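Reviewing the structure listed below.
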Amino acid sequence: MSIKVRFAPSPTGVLHIGSVRTALFNYLFARHNNGEFCLRIEDTDKLRSTDENTQLIFKILKWLDIDWDGEPVIQSSRIERHKEIAHDLVKKGKAYYCFCTPEELEQKKIKCQELGQPYKYDGKCRELTTPIVGISPVVRLKSNTDGSTTINDMVQGVVTVKNSQMDDLVLLRSDGTPTYMLSVVVDDHDMGITHVIRGDDHLTNTFRQIQIFNACGWNIPTFGHIPLIYGSDGAKLSKRHGAVSAIDYMQLGYLPEAISNYLLRLGWSHGDDEIISRDDAIKWFSFDNVGKSPSRFDMAKLQNLNGHYIRERSNESLLEYMLPFFKLELSELHKKRILRGMDSLKARAKTIIELVDSAMVYVQAPTSYDEKCRKYQTDFHTEILNDIANKIESGEFSCDEETLCSQVKDYAKERNIKLVEIAQAMRVALCGKLVSPSVFEIVALLGCSESVSRLRANKSKH
RNA sequence: GUCUCCUUCGUCUAGGGGUCUAGGACGUCGCCCUUUCACGGCGGCAACAUGGGUUCAAAUCCCGUAGGAGACGCCA
């Protein structure tokens, strides 16, 4: 049997980073098994769904190179089909009209709470033969409450729930629109989905959905419920933990391959492997290696991985990736300098933002200085800087990286000044920071005249 | 409250009865490299939630306890 899976996000908010992992697992499972990976946009909540969020889903998946097969299914376009199934179930006596009002149900719920009992719809309208006029009914499924239901989940293993836990869930709202439970089941069936892979917050829903599958007489797909991602404190990942939406990570300067690798290793493993290429991921992915316990999002590890992938990228591809992150237009000269200085730039960066920030040395003279720079901006340092600038200008000092390096070292030795004092003062004058590549490399790339002017620039720009 | 699930270093995890004085990675600490910071190299600290079983032998199997999470909508 050929495998078919789907990723079914709802565009009611920006795509969550946890959903991205669900998409990735679906994708890897499909590719590993030579199956199909489909996309379904669950936009039945018209009030909260936006086209913007839908476009964002496409954008993020493309960015991460998680390509789907065929055209995305738009759930809202299938509403008539969902309704048809519900009415069909009524005809077959597997579902019924319920005239209980929301207020009435709310009362019952409160009563149960007071008595300390679990609430369950009592099935009051189950055997109703005459409709109550003046009330638009909902359609409820006549649940099977005998025995129990067992699934063999690819992640959770064998899970059994007593059917007595089931209540008669709503299939069609009083306005006639289908509920999520119905839509999911009908769509998964119609699309021929063989494996449903989703977050484990849906695990208990699965048993309700199986009731619908059974009522329709359809085959039940295999399920795989992957644990959710939590924040550093163990609570569900939310805004206060930092970035939660996938787009945030894109804007923060994380590379798609880093995100993808990180998300894959969160809850899944292949021995001691940490750096895993997409090809290997497809080759190795299996639900046998997906853990059942929830994992916490660790920003530090993501940063480390991102640094790794930055260093692994070619200088050309990095420059191209960086361009939209610059706040100004780069000239060809700037690009050329950055490209040549990239090797030492990328060794230091954990994100593209940091990389761009450090690359600014090659674009413009410092516009401000870190507070800590003052230490290297005394009259003593200014004097040395001027001296060196003069020597470079007169041609006594070279602008070749290695030559200048040894010349400055000799200079320091002759005057009995620590090299670090000179180098740091140069660094501050050249880039306004205490962290940068070798100052001699910077001089070499900037060229003599620009270097001289920066070395002489006054230090009043704090 | 009811149901379901989870529990190995701070974090992600390896482990599927003896090879475990529990391995790797991130983080952290120290050293080396070095004009700074990184990168790189070397090393240190650090975990089987808890109580009972089963067994010659348990991190690994079973039961209880505690703690955590999720689900209980005319949301998805």
Side-chain angles (χ1 to χ4, degrees), chain A residues 8-13 42-45 47-49 75 98 100-102 105 109 112-113 115-121 136-140 153 155-157 159-162 164-165 167 169-175 177-181 183-184 199-208 225 227-228 230 232 234-236 262 265-275 289 291-305 307 311 343-350 358 376 405 408-409 412 418-428 433-440:
Chain A
S10 81
T12 50
E42 307 215 321
D43 61 341
T44 48
D45 185 344
L47 278 178
R48 294 191 298 146
S49 298
Q75 192 161 60
C98 167
C100 297
T101 61
L105 297 174
K109 218 174 273 185
C112 279
Q113 238 165 29
L115 291 168
Q117 288 171 342
Y119 170 74
K120 224 181 91 170
Y121 175 64
S136 323
V138 299
V139 172
R140 283 184 188 270
D153 193 279
V155 178
Q156 307 290 335
V159 182
T160 301
V161 168
K162 288 193 190 76
S164 55
Q165 296 293 322
D167 64 355
L169 66 260
V170 174
L171 263 19
L172 251 35
R173 302 185 187 97
S174 53
D175 65 359
T177 58
T179 59
Y180 162 80
M181 288 294 174
S183 305
V184 168
D200 74 0
D201 48 340
H202 285 293
L203 184 60
T204 48
N205 283 338
T206 303
F207 295 89
R208 289 174 227 289
H225 288 95
L228 264 22
Y230 296 93
S232 49
K236 208 170 175 176
Y262 178 71
R265 274 292 285 109
L266 204 58
W268 175 87
S269 62
H270 183 265
D272 285 340
D273 293 307
E274 295 287 346
I275 304 296
N289 307 314
K292 285 192 198 182
S293 55
S295 35
R296 301 179 183 204
F297 199 90
D298 183 4
M299 203 61 92
K301 190 152 182 171
L302 207 211
Q303 291 220 335
N304 175 276
L305 262 179
R311 272 168 259 131
D343 281 339
S344 10
L345 248 25
K346 71 183 181 185
R348 267 154 265 260
K350 294 235 185 295
S358 64
Y376 298 101
C405 179
V408 171
K409 276 181 180 167
K418 279 184 185 163
L419 183 59
V420 61
E421 292 291 327
I422 302 177
Q424 286 294 69
M426 287 175 74
R427 190 183 316 283
V428 168
K433 297 186 185 76
L434 287 180
V435 175
S436 83
S438 154
V439 291
F440 307 115

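A quick note: this is a predicted structure, and the numbers were derived from the prediction, not measured. Proteins come first, then strands; the chains are lettered A, B, ... in the order of their sequence lines, and each starts at number 1.
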Tell me what A:Ser438 touches on the nucleic acid: a base, only sugar-phosphate, or nothing, going by heavy atoms under 4.0 Å. base
Measure from the side chain of A:Ser293, starting at C-beta and using heavy atoms only, and say which of B:rU2, B:rA76, B:rU7 lies closest. B:rU7
Assign A:Val138 to base, sugar-phosphate, or nothing according to its heavy-atom contacts below 4.0 angstrom with the strands shown. base
Determine the contact category for A:Asp167: base if any of its heavy atoms lies under 4.0 Å from a base atom, sugar-phosphate if only primed atoms, P, OP1 or OP2 are that close, otherwise nothing. nothing
Between B:rA25 and B:rU21, how far apart are the two C1' atoms, rounded to whole Å? 22 Å
Between A:Asn304 and B:rG27, is there a side-chain N or O to OP1/OP2 distance below 4.0 Å? yes
Find the partner of B:rU65: check Watson-Crick (N1-N3 plus N6-O4 or O6-N4) and G-U wobble (N1-O2, O6-N3) distances, both under 3.5 Å, and reply none if neither fits. B:rA49
Watson-Crick or G-U wobble partner of B:rU2, both distances under 3.5 Å: B:rA71
Integer-rounded Å distance: B:rC12 C1' and A:Met299 CE: 15 Å
Tell me what A:Gln156 touches on the nucleic acid: a base, only sugar-phosphate, or nothing, going by heavy atoms under 4.0 Å. sugar-phosphate
Begin from the C-alpha positions of A:His225 and A:Asp201 and carry the test side-chain contact (heavy atoms from CB on, under 4.5 Å) through to its verdict. CA-CA 8 Å; A:His225 288 95; A:Asp201 48 340; over 6 Å; no
Could you tell me whether a side-chain N or O of A:Lys433 sits under 3.5 Å from a main-chain N or O of A:Ser358, the two making a donor and an acceptor? no
Using a 4.0 Å heavy-atom cut-off, does A:Arg311 contact any base of the nucleic acid, only the sugar-phosphate backbone, or nothing at all? sugar-phosphate
N/O (side chain, A:Ser295) to phosphate O (OP1/OP2, B:rU13) under 4.0 Å: yes
Supply the atom-to-atom distance A:Ser436 OG to A:Arg348 CZ, rounded to the nearest 0.5 angstrom. 7.0 Å
Could you please name the partner base of B:rG40, counting Watson-Crick and G-U wobble pairs only when both distances are under 3.5 Å? B:rC32
Counting only distance, no hydrogens or angles, is the base of B:rG23 paired donor-acceptor with the side chain of A:Asp272 under 3.5 Å? yes
Rounded to whole Å, NE2 of A:His225 lies from P of B:rU4 at a distance of 16 Å
For atom C1', what is the distance between B:rU8 and B:rG68, given to the nearest Å? 16 Å
For nucleotides B:rG30 and B:rA22, find the distance between their C1' atoms and express it as a whole number of Å. 24 Å
Have a look at A:Thr44 and say if it touches a base, only the backbone sugar-phosphate, or nothing, with a 4.0 Å heavy-atom cut-off. sugar-phosphate
From the options B:rC12, B:rC74, B:rU2, select the nucleotide whose nearest atom is closest to the side chain of A:Arg296. B:rC12
By side chain to side chain donor-acceptor pair (under 3.5 Å), A:Asn289 pairs with (sequence neighbours left out) none
At under 4.0 Å between heavy atoms, what does A:Gly267 touch on the DNA or RNA strands: base, sugar-phosphate, or nothing? sugar-phosphate
Looking only at atom C1', what distance separates B:rU55 and B:rA59, rounded to whole Å? 16 Å
Quick one: label A:Pro227 by what it contacts on the DNA or RNA (base, sugar-phosphate, nothing), any heavy atom closer than 4.0 Å. nothing
Hey, could you give me the CD/NZ distance between A:Glu274 and A:Lys301, rounded to the nearest 0.5 Å? 4.0 Å
B:rU7 versus B:rC12 - spacing of their C1' atoms, nearest Å: 15 Å
Note: for A:Lys409 and A:Lys301 on RNA chain B, the residue whose nearest nucleotide lies more 5' is A:Lys301
Most 5' of A:Cys98 and A:Val420 on RNA chain B, judged by nearest nucleotide: A:Val420
Could you state the CD-P distance from A:Glu421 to B:rU35, rounded to the nearest angstrom? 14 Å
At 4.0 Å (heavy atoms only), tell me whether A:Pro294 reaches a base, stays on the sugar-phosphate, or touches nothing. sugar-phosphate
Please pick, from B:rA14, B:rG70, B:rC74, the nucleotide with the shortest atom-to-atom distance to any side-chain atom of A:Asp201. B:rG70
Using the C1' atoms only, state how far B:rG53 lies from B:rC42, rounded to an integer number of Å. 46 Å
Quick check: any donor-acceptor pair below 3.5 Å linking the side-chain of A:Lys350 to the base of B:rA38? no
Any donor-acceptor pair under 3.5 Å linking the side chain of A:Arg427 with the backbone of A:Pro437? yes
Using purine N1 to pyrimidine N3 plus N6-O4 or O6-N4 for Watson-Crick, or N1-O2 and O6-N3 for G-U wobble, each under 3.5 Å, what pairs with B:rU11? B:rA25
Quick one: A:Met181 CE to B:rA71 C1', roughly how many Å, whole number? 9 Å
Looking at the side chain of A:Ala423, which of B:rU35, B:rA76, B:rC74 is the nearest nucleotide? B:rU35
N/O donor-acceptor pair under 3.5 Å between A:Tyr262 side chain and A:Asp298 backbone: yes
Separation of atom OH in A:Tyr262 from atom P in B:rU11, rounded to whole Å: 12 Å
Rounded off to whole Å, could you give me the CZ-to-C1' distance for the A:Arg427 and B:rA38 pair? 11 Å
Expressed in whole Å, how much space separates the P atoms belonging to B:rG64 and B:rU2? 16 Å
Presence of donor-acceptor pair under 3.5 Å, side chain of A:Thr204 and base of B:rU4: no
Strand partner of B:rG18, provided both Watson-Crick or wobble distances fall under 3.5 Å: B:rC56
When you measure from the centre of the six-membered ring of A:Tyr121, is the NZ or CZ of A:Arg140 closer than 6.0 Å and no more than 45° off the axis? yes
Under 4.0 Å, heavy atoms only, any strand: does A:Leu203 hit a base, just the sugar-phosphate, or nothing? sugar-phosphate
Atom-to-atom span, CG of A:Asp45 to C1' of B:rG73 - whole angstrom: 12 Å
Is A:Phe440 touching bases, backbone alone, or none of the nucleic acid, heavy atoms closer than 4.0 Å? base
Round to the nearest Å and state the distance from A:Leu305 atom CG to B:rC12 atom P. 15 Å
If you go through the side-chain atoms of A:Arg348, does one of them form a donor-acceptor pair with the base of B:rC39 closer than 3.5 Å? no
Roughly how far, to the nearest 0.5 Å, is the CG atom of A:Leu302 from the CG atom of A:Asn304? 9.5 Å
Quote, to the nearest angstrom, the C1' distance that separates B:rU34 from B:rG40. 12 Å
Base of B:rC74, side chain of A:Ser174 - is there a donor-acceptor contact under 3.5 Å? yes
